[in-house]
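Notes follow once the structure below has been shown.
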Amino acid sequence: MMTRSWLGIYLSLLGLVAGCGLPLALPTPATITPGLTSSLPSGTPTLPNHTPTPSPLPLATPTPVPVAATADVVGTVTTANLPQVLQPVLSPDGQWRAEVIVYPCVSVNEAEAYAYEQLNLIHLPSGRVRPADRQLQVCGGLGAFGLKALFWSSDSRYLYYTNAREGVPDGCGYWTPPFLRLDVQSLEIEFLGGGGLSPDGTKLATWQGQQLLLWDLNEGEIGRVEAAFSGFEVGPLAWSPDSQAVVYLQIETFCPLSGASHLVLLELADLKQTSLLDTQEHTFATLVWDTPSELRLMDEQGRGWRYNFETKEISSER
């Protein structure tokens, strides 16, 4: 992972926050499963009312919305206001533009307000628009919501985006906005999980439950491993500066953030995992691999630490 300031590390701690929302499901080209959950420390500011909040639910919901009613709501929202277009992302070959169309919150009755977003692919030579994903949002409260095009594979075959542009989901645990991969040829969508992009911009490392997955942006899945320590919650991960290894944290509990910490190294060449540090004294909440020989860690008290790969020891930054 690239070097960043302690402000960046503080911001990454915001991955340990939570909210709640009321989602609705729409028919989409593929079923999207929500990502990992998170926890909210006291004093975190809440979002104002009439902020759209949900991510799409799985198909098995206790109170599904009738298709006709959903279509009526979408029609009301999309005709009430002019849409906003988020920053488009062009494919490397210049053939495609990915853009998200946002229709702001609209009251559909005295008690309910909705917003709607749609991810479109525009084939530039022909001007043809291909709807790829969509999200109907109940307004008000907290939650993880919003579509955003992120980047393309270098061969322009896949668009990577997220369905949680803003906010955080309900629950408790480590969470970062998930990556989703859209196949331009088939319009199939694959949920990759939350994690991080390698410094060289060619790979992703993501969590899916207790599994850590590695992805090549062009070729797909490289491999997957189970988290090294059973019974411990998975936490932040960081790429090595040369993009050939990943380190990650496992923590005894996030609610509250406390207990033992495990620091684990995963090497891409053979998917070998090595335990670097097991400690009962510190609960590490975030990490940055900013130099080849050292990691930067922050504990639950906001104190900075350094882990040295040669000495296999940690030292305080105070």
Side-chain angles (χ1 to χ4, degrees), residues 1-17 35-39 41 168 173-179 193-200 203-208 210-214 225-229 232-268 271-318:
M1 180 176 291
M2 296 181 180
T3 304
R4 53 182 180 175
S5 67
W6 278 112
L7 174 61
I9 295 177
Y10 169 76
L11 293 175
S12 70
L13 281 171
L14 296 182
L16 308 175
V17 292
L36 304 175
T37 58
S38 58
S39 90
V168 290
Y174 176 72
W175 182 85
T176 57
F179 294 96
L197 180 67
S198 63
D200 66 6
K203 295 177 283 291
L204 283 170
T206 62
W207 287 114
Q208 289 188 16
Q210 290 287 312
Q211 286 193 324
L212 179 60
L213 284 74
L214 302 169
V225 297
E226 292 290 332
F229 291 89
F232 282 76
E233 299 184 43
V234 299
L237 59 82
W239 281 92
S240 62
D242 65 1
S243 302
Q244 296 305 306
V246 174
V247 290
Y248 64 87
L249 287 168
Q250 284 192 259
I251 301 169
E252 191 168 337
T253 177
F254 279 93
C255 299
L257 184 63
S258 60
S261 298
H262 298 284
L263 178 65
V264 182
L265 171 70
L266 172 63
E267 298 175 80
L268 269 66
L271 297 184
K272 177 185 176 182
Q273 297 196 84
T274 303
S275 177
L276 301 178
L277 179 67
D278 305 325
T279 176
Q280 298 282 342
E281 298 179 20
H282 310 285
T283 304
F284 291 116
T286 188
L287 76 167
V288 176
W289 198 337
D290 54 356
T291 66
S293 61
E294 286 190 333
L295 295 172
R296 204 173 192 184
L297 301 159
M298 183 182 285
D299 66 19
E300 77 282 8
Q301 301 297 325
R303 296 172 298 192
W305 300 82
R306 284 279 179 176
Y307 174 84
N308 187 286
F309 283 97
E310 293 183 3
T311 64
K312 297 181 173 55
E313 296 178 345
I314 59 170
S315 58
S316 173
E317 287 194 329
R318 289 179 297 182

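Only this structure's heavy atoms are used, side chains among them; waters, hydrogens and symmetry mates stay out.
Rounding to the nearest 0.5 Å gives a distance of 7.0 Å between OG1 of Thr286 and OH of Tyr174. Within the model, atoms CG of Leu277 and CG of Leu263 stand 5.5 Å from one another, a figure rounded to the nearest 0.5 Å. For the atom pair Glu233 CD and Cys255 SG, the distance stands at 6.5 Å (nearest 0.5 Å). Note that CZ of Phe179 is 8.5 Å distant from OG1 of Thr206, once rounded to the nearest 0.5 Å.
Residues passing the side chain to side chain donor-acceptor pair (under 3.5 Å) test with Gln211, sequence neighbours excluded: Arg224, Glu226. Checked against side chain to side chain contact (heavy atoms under 4.5 Å, CB included), Glu281 has the following partners two or more places apart in sequence or in another chain: Thr279. Residues satisfying the salt bridge (Lys or Arg N to Asp or Glu O under 4.0 Å) test with Glu294, not counting sequence neighbours, are Arg306.
Side-chain contact between Tyr307 and Lys312: present, with at least one pair of heavy atoms (C-beta onward) separated by less than 4.5 Å. Looking only at side-chain heavy atoms (C-beta outward), Ser243 and Lys203 come within less than 4.5 Å of each other. For the pair Phe284/Ile314, a side-chain contact is recorded, criterion being any heavy-atom separation below 4.5 Å from C-beta on. With contacts defined as side-chain heavy-atom distances shorter than 4.5 Å, the pair Leu213/Leu204 does not qualify. The side-chain heavy atoms of Leu266 and Leu237, taken from C-beta on, include no pair separated by under 4.5 Å.
Within the structure, the side chain to side chain donor-acceptor pair (under 3.5 Å) test picks out the following pairs touching residues 246-262 (sequence neighbours left out): Tyr248-Gln273, His262-Asp278.
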